[in-house]
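See below for the structure under consideration.
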Amino acid sequence: MLGVAVVTGILILLGAWWMGPSLFGAGSAEADRKVVDATVTKPVECSKPDAEETVRFQLDGKTYEGLLSGCGHSQDEQVSIAVVDDPTEAEGPVSVFLDATAPGVHDLRRPVGLGLLMLGCVSGGTYAFLLARGPRSGLAAA
């Protein structure tokens, strides 16, 4: 019985590894984004809720305007941004993110998720082993 639980746990882990990064978070966002340098054209103070600054950037030789979800930058400050959406299809400013904080890019999701899955498999296997073994007599005589 213990062997079946161990094999089942290993198969679950291998299946999770085979499914790829999309199991524990969006793994394709890193490949779909383009990182470019931008110039802040309309800075915003951080005292405003949901502050968005306007930036200007070049992509494929064309100049675009973007809305950066952030605050506290100076006029004409250079920032590194990540462009996820296609700016040629946008009617107006395109949404951009700071390069270091682009959503969907988090390298710890996969190893932490697999570690938690492994602990769950070990716990389930241990529980199955204890159920199959049954109660032990003579140990509770104190």
Side-chain angles (χ1 to χ4, degrees), residues 1-137 139-140 142:
M1 183 70 168
L2 178 62
V4 173
V6 169
V7 170
T8 303
I10 291 173
L11 289 177
I12 289 172
L13 285 174
L14 289 175
W17 188 262
W18 178 74
M19 287 183 73
S22 63
L23 181 64
F24 299 113
S28 63
E30 177 113 22
D32 294 341
R33 67 188 192 128
K34 295 178 180 141
V35 177
V36 295
D37 290 329
T39 304
V40 178
T41 56
K42 292 182 186 171
V44 175
E45 292 182 20
C46 291
S47 60
K48 295 182 179 182
D50 299 326
E52 287 186 326
E53 296 180 325
T54 304
V55 296
R56 185 179 59 243
F57 63 96
Q58 286 192 346
L59 188 64
D60 298 329
K62 295 181 182 177
T63 303
Y64 298 99
E65 194 171 271
L67 286 177
L68 175 65
S69 179
C71 62
H73 295 100
S74 303
Q75 179 75 26
D76 297 325
E77 181 179 347
Q78 294 289 316
V79 292
S80 182
I81 61 168
V83 181
V84 179
D85 300 327
D86 187 9
T88 58
E89 296 176 0
E91 298 201 18
V94 64
S95 293
V96 296
F97 306 94
L98 288 175
D99 178 33
T101 60
V105 179
H106 196 327
D107 296 332
L108 287 178
R109 283 186 187 160
R110 186 169 172 83
V112 168
L114 281 173
L116 290 173
L117 183 64
M118 181 188 70
L119 286 174
C121 289
V122 168
S123 300
T126 303
Y127 183 68
F129 170 73
L130 291 174
L131 281 179
R133 184 185 69 173
R136 299 181 94 181
S137 61
L139 292 180

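These numbers come from a predicted model, not from an experiment.
Remark: L130 engages T126, R133 in a side-chain contact (heavy atoms from CB on, under 4.5 Å) (not counting sequence neighbours). Checked against side-chain contact (heavy atoms from CB on, under 4.5 Å), I12 has the following partners two or more places apart in sequence or in another chain: T8, L117, C121.
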Please table the atom pairs, donor to acceptor, closer than 3.5 Å between any side-chain atom in residues 71-81 and protein atoms at least two apart or in another chain.
{"from": "H73", "atom 1": "ND1", "to": "E53", "atom 2": "OE1", "distance (Å)": "2.7"}
{"from": "Q75", "atom 1": "NE2", "to": "T41", "atom 2": "O", "distance (Å)": "3.0"}
{"from": "E77", "atom 1": "OE1", "to": "S74", "atom 2": "N", "distance (Å)": "2.8"}
{"from": "Q78", "atom 1": "NE2", "to": "T39", "atom 2": "OG1", "distance (Å)": "2.7"}

Cut-off 3.5 Å, no hydrogens considered: what does the side-chain donor-acceptor table look like for residues 54-69, sequence neighbours left out?
{"from": "Q58", "atom 1": "NE2", "to": "T63", "atom 2": "OG1", "distance (Å)": "3.4"}

